[in-house]
Participant: 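Once you've had a glance at the structure underneath, I'll fire off some questions.
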Amino acid sequence: MDNSGFSVRGVLAGEAPGDAPVTVKGWVRTRRDSRAGISFVHLSDGSSFHPLQVVAPSTLPNYEAEILRLSAGCAVEATGRIVPSPARGQPFEMQASALRVVGWVDDPETYPIQPKPHTLEFLREVAHLRPRTNVIGAATRVRHTLAQAIHRFFDRNGFFWVNTPIITASDAEGAGALFRVSTLDLANLPRTPAGEIDFAQDFFGREAFLTVSGQLNVEAYCLALTKVYTFGPTFRAENSNTSRHLAEFWMIEPEIAFADLSDNATLAERLLKYTFENLLSERQEDLAFFDERIEKGLIAKLERIVGSEFVRMDYGEAVAVLERAKGEKFEFPVKWGIDLQSEHERYLTEKYAKKPVIVMNYPKAIKAFYMRVNDDGRTVAAMDVLAPGIGEIIGGSQREERLEVLDQSMAERGIDREHYAWYRDLRRYGTVPHAGFGLGFERTLAYSTGLANVRDAIPFPRTPGNARY
RNA sequence: UCCCCGGUAGCUCAGUGGUAGAGCAAGCGGCUGUUAACCGCUGGGUCGAUGGUUCGAAUCCGUCCCGGGGAGCCA
C-alpha cells in the first residue's frame, strides 16, 4: 500500500512541490467536460472540505475509454503537477499526467450520493455512504476536532482520562432503562426453584447491563486521583423518538474532588468555551459551510459563547423568571417544585438570556439520590446547562459525600443500600466533597454545527427500531 | 409510549375521484477553463403495504409498516 501521496488538504494548503508530479487518491465528486479537450474532475479524499480540481487532458491514453465514463463516487488515483489555478474556485489544481481508475461505480443512476443537495432524512437511510457528502464529511471532521479539544482541555488542566466499564451491574439510578447483557439461552432460560430466571448461571453470575453512565465508577477514581473524566459510549434503552436522543451515545463526565457546585459550574463553562474556541480556529472551512447552509449565524453564535459569561441562576430564580414571562403561554404551568419542561428551558436560554444558562439548586424531590442535599433541606446541589436550540446539554451535581445523608436519600427513594455497597464505601473511607457533570457529545456536536438532529452527529445512529448499519 | 405531518421516477417534489408530471440525476448529442455549468433529445413508476367504497382510486375510508416534527424521559 502506497501512502506516500498527498492529501487534498495538503495540496490546497500549498504543501505540494510545484516542480514535480504528485499523486492524490480519492473519490470523484463531479466531472465536467470541455470540448477544448479537457475534463475537470473534482476529487475528494475527506481531508478537507474543498475538493481538488484535477484537469485531465484528452491526450491521456484512457481519456475516451475511462475518464469520460467517470461519475460521482468513482475511486481514482491522480498524478500530475500542482499549479496555481487560473480560474476562480480553488487556489491550486492538478494538471494530470495520469488518472487511474481504482474502483468504478456499478450503476451511476442508482448511486445514492449525487452531486446535489440531499435531505438529511434520506442520508440516514444510506448511513454507509453518507460520509461522502459535504455535510456528513464536515460533521465528522468537526466531531474529531471537538473530541481532541476536549481531551486537550482536560490534559492541560491535570485531569486523568478514566475508562469506566461499558458492562455494569449497577444502574445509575434514574438514568433510564437498561440494555441487558446476557449469554443465557433465550429459548431455554434457567430457573430458580422459585421460578425466577436464575441469573447466577449467567456469564457474570448476576444480572448485567450496558452502562447508562460512568459516573458512579468515575467517582471512585476521583476520590484517589482528584481530577478525572470519562469519555466513552453510553446506552439508554428508552423508547425516545426525538431529535435529541440516541440509544447509543457518547458522554464526557468529569469529576473533581474537594469541589462544590460552583466549582462544577465553572468547570463546565470553561470546558465549553475552550472547546468552541479551538473549534473556531481549527475548523474554519467546515464551520463556514455549516454557517452558510445549515444555520445562519452559527460562527457568530459560537464566538458569542466563547466571549461572554454564562448566566447562572438558582432554580428558584428561574421559576420566578418564568412566572414573570409576559405573553408566554406555557403548556405546563410554572410553580416551585416542578421539573422544568422543554418549553421552560427553551424560554430561559433562547428568549430570556439568549445564551447558555446554568440553572442550579433544584428541588430535592425531582433529582437523583446521589445529589448533595443543601442546607435548606428541600433542594439539592444540582445543575443543568441549557443552550439555545438544543436545550439541556449538561446535567451535573455536587455529590452527597455524607454517608448518613446519602443513606437517608436512598431510603426515601426505596433504593437497596446493599446494592450500592461499594459506592457507600467511598463515603466511609476518606470522603470529601466532590462534584461532576455529564456532557452529551452528540448534543455538543449538533450545537456546534447547527445540525438539528443528533442522528446526524454520530456516524451510525442507534434509535428505537434502527440498528441496520 | 402519546399527539401531529408525511410516504408518487435514483433524489427533491407537484398532482386531492376520470389516460402518472416537473426539476435535478442518468444515457445520447451540442457548446463551453468548467466549478450546483448551460442547451436539445431519450429512457426511467406495482403512486409504502393491505382490505374496503366506487362505473372508475395516487386521490376517499379502515388496518398495518416506514420516515419526520413535537411531548414525556434525559445527555
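Residue numbers start from 1 in every chain, and the chains themselves are labelled A, B, ... in the order their sequence lines are given, proteins ahead of strands.
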Participant: Quick check for you: among A36(B), G68(B), G72(B), whose closest atom lies nearest to any side-chain atom of Pro117(A)?
Facilitator: A36(B)
Participant: Do we see a donor-acceptor contact under 3.5 Å between the side chains of His42(A) and Arg31(A)?
Facilitator: no
Participant: Could you tell me whether the phosphate oxygens of G33(B), OP1 or OP2, come under 4.0 Å of any side-chain nitrogen or oxygen in Ser34(A)?
Facilitator: yes
Participant: Tell me what Arg29(A) touches on the nucleic acid: a base, only sugar-phosphate, or nothing, going by heavy atoms under 4.0 Å.
Facilitator: nothing
Participant: Starting at atom CG of Leu445(A), determine the distance to atom P of A75(B), rounded to an integer number of angstrom.
Facilitator: 19 Å
Participant: Return the value, rounded to whole Å, for the distance between atom CZ of Arg244(A) and atom P of C74(B).
Facilitator: 12 Å
Participant: If you check every side-chain atom of Arg32(A), which of A26(B), A37(B), A75(B) has the closest atom?
Facilitator: A37(B)
Participant: How many Å lie between CD on Glu125(A) and C1' on G10(B), as a whole number?
Facilitator: 13 Å
Participant: Expressed as a whole number of angstroms, how long is the span from Arg130(A):CZ to G10(B):C1'?
Facilitator: 19 Å
Participant: NA contact type, Asn241(A), heavy-atom cut-off 4.0 Å: base, sugar-phosphate, or nothing?
Facilitator: base
Participant: Out of A25(B), G67(B), C73(B), which nucleotide sits closest to the side chain of Gln114(A)?
Facilitator: A25(B)
Participant: Is a side-chain donor-acceptor pair under 3.5 Å present for Thr379(A) with Asn374(A)?
Facilitator: yes
Participant: Among the nucleotides G23(B), C74(B), G72(B), which one has an atom lying closest to any side-chain atom of Asp339(A)?
Facilitator: C74(B)
Participant: Taking the six-membered ring for Trp, is the centroid-to-centroid distance between Phe369(A) and Tyr420(A) below 6.0 Å?
Facilitator: yes
Participant: Can you tell me the distance, in whole Å, between the CG atom of Leu246(A) and the C1' atom of C73(B)?
Facilitator: 14 Å
Participant: Just call it for Ile394(A): base, sugar-phosphate, or nothing, with non-hydrogen atoms closer than 4.0 Å on any strand.
Facilitator: sugar-phosphate
Participant: Using a 4.0 Å heavy-atom cut-off across all strands, classify Thr242(A) as base, sugar-phosphate, or nothing.
Facilitator: base
Participant: Does C64(B) pair with anything, Watson-Crick or G-U wobble, both distances under 3.5 Å, and if so, with which nucleotide?
Facilitator: G48(B)
Participant: Please determine whether a side-chain nitrogen or oxygen atom of Arg455(A) lies at a distance below 4.0 Å from atom OP1 or OP2 of G69(B).
Facilitator: yes
Participant: Looking for any heavy atom pair under 4.0 Å, which part of the strands does Gln341(A) touch: base, sugar-phosphate only, or nothing?
Facilitator: sugar-phosphate
Participant: With a 4.0 Å cut-off on heavy atoms, is His118(A) in touch with a base, just the backbone sugar-phosphate, or nothing at all?
Facilitator: sugar-phosphate
Participant: Go ahead and name the base partner of U53(B); Watson-Crick or wobble counts if both distances stay under 3.5 Å, otherwise write none.
Facilitator: none
Participant: Is Phe122(A) touching bases, backbone alone, or none of the nucleic acid, heavy atoms closer than 4.0 Å?
Facilitator: sugar-phosphate
Participant: So if I take every side-chain heavy atom of Glu238(A) and compare against G68(B), A75(B), C73(B), which nucleotide ends up nearest?
Facilitator: C73(B)
Participant: Find which nucleotide of RNA chain B each of Tyr111(A) and Glu121(A) is nearest to by heavy atoms, and output the residue with the more 5' nucleotide.
Facilitator: Tyr111(A)
Participant: Which nucleotide in the set G72(B), G27(B), G10(B) lies at the smallest distance from any side-chain heavy atom of Pro108(A)?
Facilitator: G27(B)
Participant: When rounded to the nearest Å, what value does the distance between P atoms of A37(B) and A25(B) take?
Facilitator: 7 Å
Participant: Searching all strands shown, indicate the nucleotide that pairs with C2(B) (Watson-Crick or G-U wobble; both distances under 3.5 Å).
Facilitator: G70(B)
Participant: Just to confirm, is there a sub-4.0 Å distance from OP1 or OP2 of C74(B) to any side-chain nitrogen or oxygen of Ser240(A)?
Facilitator: no
Participant: Counting only Watson-Crick or G-U wobble pairs whose two distances fall under 3.5 Å, which nucleotide matches A22(B)?
Facilitator: U12(B)
Participant: Check this for me: does the side-chain of Glu93(A) come within 3.5 Å of the base of G33(B) through a donor and an acceptor?
Facilitator: yes
Participant: Could you check whether atom CG of Asp107(A) has more than 12 heavy atoms from other residues, nucleotides or ligands sitting under 6.0 Å from it?
Facilitator: yes
Participant: Searching all strands shown, indicate the nucleotide that pairs with A75(B) (Watson-Crick or G-U wobble; both distances under 3.5 Å).
Facilitator: none
Participant: Report the residue (Asn466(A) or Gly438(A)) whose heavy-atom-nearest nucleotide on RNA chain B is the more 5′ of the two.
Facilitator: Asn466(A)
Participant: Please report the distance, rounded to the nearest Å, between CG in Leu386(A) and P in A75(B).
Facilitator: 12 Å
Participant: At under 4.0 Å between heavy atoms, what does Gln53(A) touch on the DNA or RNA strands: base, sugar-phosphate, or nothing?
Facilitator: base
Participant: Just by distance, with hydrogens left out, do Gln215(A) and Glu219(A) show a side-chain donor and acceptor under 3.5 Å apart?
Facilitator: yes
Participant: Between A75(B) atom C1' and Lys367(A) atom NZ, what is the distance in whole Å?
Facilitator: 11 Å
Participant: Quick one: do the Asn62(A) and Arg100(A) side chains pair a donor with an acceptor below 3.5 Å?
Facilitator: no
Participant: Nearest to the side chain of Val55(A), heavy atoms from C-beta on, is which of C74(B), G68(B), G33(B)?
Facilitator: G33(B)
Participant: Select base, sugar-phosphate, or nothing to describe what Glu253(A) touches, counting heavy atoms under 4.0 Å on all strands.
Facilitator: nothing
Participant: If pairing requires Watson-Crick or G-U wobble contacts with both distances under 3.5 Å, which nucleotide is the partner of U34(B)?
Facilitator: none
Participant: Which of these nucleotides, U12(B), C74(B), G33(B), is closest to any side-chain atom of Glu392(A)?
Facilitator: C74(B)
Participant: What is the nucleic acid contact for Ser71(A), judged by heavy atoms within less than 4.0 Å: base, sugar-phosphate only, or nothing?
Facilitator: nothing
Participant: Over all strands shown, is Pro86(A) touching base, sugar-phosphate only, or nothing at heavy-atom distances under 4.0 angstrom?
Facilitator: base
Participant: Select base, sugar-phosphate, or nothing to describe what Gln95(A) touches, counting heavy atoms under 4.0 Å on all strands.
Facilitator: base
Participant: So does Glu309(A) pair up with Lys355(A), basic N to acidic O under 4.0 Å?
Facilitator: no
Participant: Does the structure place the NZ or CZ of Lys301(A) under 6.0 Å from the centre of the six-membered ring of Tyr447(A), at an angle of no more than 45° from the ring's axis?
Facilitator: yes
Participant: What does G27(B) pair with, Watson-Crick or G-U, if both distances are under 3.5 Å?
Facilitator: C41(B)
Participant: Do NZ/NE/NH1/NH2 and the carboxylate oxygens of Arg81(A) and Asp19(A) come within less than 4.0 Å?
Facilitator: no
Participant: Is the distance from OP1 or OP2 of G68(B) to the nearest side-chain N or O of Arg124(A) less than 4.0 Å?
Facilitator: yes
Participant: Does Ser243(A) place a side-chain N or O at less than 4.0 Å from the phosphate oxygens OP1/OP2 of G70(B)?
Facilitator: yes
Participant: Compare the minimum distances between each of G23(B), C74(B), U1(B) and the side chain of Ser342(A), then state the nucleotide with the smallest one.
Facilitator: C74(B)
Participant: Just compare G33(B), A71(B), A37(B) and give me whichever is closest to any side-chain atom of Ala87(A).
Facilitator: G33(B)
